[in-house]
Amino acid sequence: MQTLAPLVGKIIQSVVGIKATTETAAVSRSIDTGPGLPNGPSPTTKDVYGAGVIIKAESGLIVTSNHVVSGAKTLSVRLPDGRQLDARFVVADERYDLAMLRISASGLTAARIGRSIDAEPGDFVLAVGGSSGLTQSISFGIVSALHRSWPGIPCQDLIQTDALLDRGSAGGPLFNLRGEVIGIVAASTGETESERAFAIPSDAIDRLFIRMN
């Protein structure tokens with residue numbers, strides 16, 4: 001029986017889970033915070049979970065979706081081997097909803113970046129993500145269409161796939177069967193009648209390096 005297990009075993013080593021903690025001000029109820037009285041409401045925090053892919057092992061660079069990490073007060077990354085590390089925001093490209101993070105760790109495995117321009121409808125793909133901070137999940141599908149757009153996603157040149165995605169998969173990689181990243185997952189429609197996911201073309205990753213310099 002044919003299996004994708006050997007390929008999956010390789011590519012998941014480059015995929016990480018991401019937790020972004022944002023802080024929002026609590027609603028004030030006109031509490032008098034004068035001497036001897038309680039302080040006003042404390043800020044509340046919210047955790048957003050997503051995924052990312054290591055693209056430079058030696059420098060600890062990770063690419064993910066910008067909307068996962070935008071405005072985060074703290075960022076943490078869970079590696080495939082279970083290590084949890086603090087991450088630092090490096091740069092973002094809001095037009096393409098991409099962001100780059102940096103971690104400091106040894107023994108990292110970087111993914112190979114493919115050419116999304118070579119992708120065609122009907123190509124088999126693997127999507128790797130997470131589920132609200134749990135372990136990685138892998139789904140299999142095809143490239144359904146190219147040059148798509150979707151409300152709420154700034155990029156107008158999306159790759160559409162029918163690979164099913166768990167919640168928490170935004171920012172995770174879309175691989176071809178050569179084990180190359182051809183997209184970064186932006187969103188899943190989660191419709192009842194059909195399930196569609198959209199990914200930012202991997203060719204846009206170069207824009208992050210341009211912004212770094």
Side-chain angles (χ1 to χ4, degrees), residues 4 6-18 50-69 77 79-80 87-130 136 138-148 153-161 163 165 169-187 197-213:
L4 293 171
L7 174 60
V8 169
K10 292 178 181 178
I11 63 177
I12 63 172
Q13 299 306 312
S14 63
V15 183
V16 303
I18 294 173
V53 60
I54 301 168
I55 60 168
K56 294 287 184 183
E58 66 280 1
S59 49
L61 293 178
I62 295 168
V63 169
T64 185
S65 287
N66 184 51
H67 74 265
V68 172
V69 300
V77 166
L79 299 180
R88 180 171 61 87
F89 176 85
V90 177
V91 70
D93 188 320
E94 294 182 359
R95 178 184 173 188
Y96 281 87
D97 191 29
L98 291 177
M100 188 178 291
L101 311 179
R102 189 189 298 273
I103 58 174
S104 179
S106 59
L108 300 178
T109 300
R112 288 183 294 152
I113 307 301
R115 286 164 45 93
S116 54
I117 196 171
D118 294 334
E120 295 180 339
D123 286 349
F124 290 117
V125 288
L126 288 163
V128 186
Q136 296 164 337
I138 299 94
S139 57
F140 179 71
I142 63 169
V143 172
S144 303
L146 300 172
H147 313 302
R148 290 295 204 226
I153 305 177
C155 176
Q156 301 294 300
D157 191 25
L158 300 168
I159 299 171
Q160 181 183 325
T161 176
L165 298 172
S169 294
L174 188 69
F175 289 95
N176 60 25
L177 293 193
R178 292 188 295 274
E180 300 166 335
V181 177
I182 62 164
I184 300 296
V185 173
F198 298 94
I200 309 297
S202 60
D203 293 345
I205 293 174
D206 286 342
R207 296 172 58 90
L208 293 174
F209 288 101
I210 292 173
R211 286 174 174 263
M212 286 177 65
N213 300 326

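- Put simply, the side chain of Thr64 does not reach to within 4.5 Å of the side chain of Ile184, judged on heavy atoms.
- Formation of a donor-acceptor pair under 3.5 Å by the Gln136 side chain with backbone atoms of Val15 is found in this model.
- Across Gly60 and Leu108, no two heavy atoms sit closer than the pair CA-CD1, 3.9 Å.
- Taking 4.5 Å as the limit, every side-chain heavy atom of Val90 sits out of range of all side-chain heavy atoms of Leu101.
- Annotation: side chain to side chain donor-acceptor pair (under 3.5 Å) contacts involving residues 91-104, sequence neighbours excluded, comprise His67-Asp97, Asp93-Arg207, Asp93-Arg211.
- Ile113 pairs with exactly one of Asp203, Ile182, Ile205 by the side chain to side chain contact (heavy atoms under 4.5 Å, CB included) rule, that one being Ile205.
- Nearest heavy atom pair, residue Ile12 against residue Pro80, reads O-CG, 3.4 Å.
- The shortest distance between side-chain heavy atoms of Val143 and Thr161 does not fall below 4.5 Å.
- Partners of Glu180 by side-chain contact (heavy atoms from CB on, under 4.5 Å), not counting sequence neighbours, listed by chain and number: Arg112, Asn176, Arg178.
- Taking each heavy atom of Gly114 and Ser202 in turn, the nearest pair found is O-OG, 2.9 Å.
- Under the 4.5 Å side-chain criterion, counting only non-hydrogen atoms from C-beta, Phe198 is not in contact with Ile159.
- Note that CG of Leu158 is 10.0 Å distant from CZ of Arg148, once rounded to the nearest 0.5 Å.
- In terms of modelled atom types and a separation under 3.5 Å, the side chain of Ser139 and the main chain of Leu165 share no donor-acceptor contact.
- For Ser116 against Pro201, the heavy-atom pair with the smallest separation is OG-CB, 3.3 Å.
- Smallest separation of non-hydrogen atoms from Ile18 and Ala51: CD1-O, 3.5 Å.
- Looking only at distances, no side-chain donor or acceptor of Ser14 sits under 3.5 Å from a matching main-chain atom of Ile54.
- The shortest side-chain heavy-atom distance between Lys10 and Thr109 does not fall under the 4.5 Å cut-off.
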Distance-only donor-acceptor hits, side chain of residues 117-124, under 3.5 Å, sequence neighbours excluded:
from	atom 1	to	atom 2	distance (Å)
Asp118	OD1	Arg115	NH2	3.3
Asp118	OD2	Arg115	NE	2.8
Asp123	OD2	Glu120	N	2.8

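- Remark: the backbone N or O of Ala99 is not paired with any side-chain donor or acceptor of Ser65 at under 3.5 angstrom.
- From Phe175, atom CZ reaches atom CG of Leu126 across 8.5 Å, with rounding to the nearest 0.5 Å.
- Separating the NE2 atom in His147 from the CG atom in Asp157 is a distance of 5.5 Å, to the nearest 0.5 Å.
- Rounding to the nearest 0.5 Å gives a distance of 13.5 Å between CZ of Phe89 and CD1 of Ile62.
- Nearest heavy atoms, Asn66 versus Leu98: CB-O, 3.6 Å.
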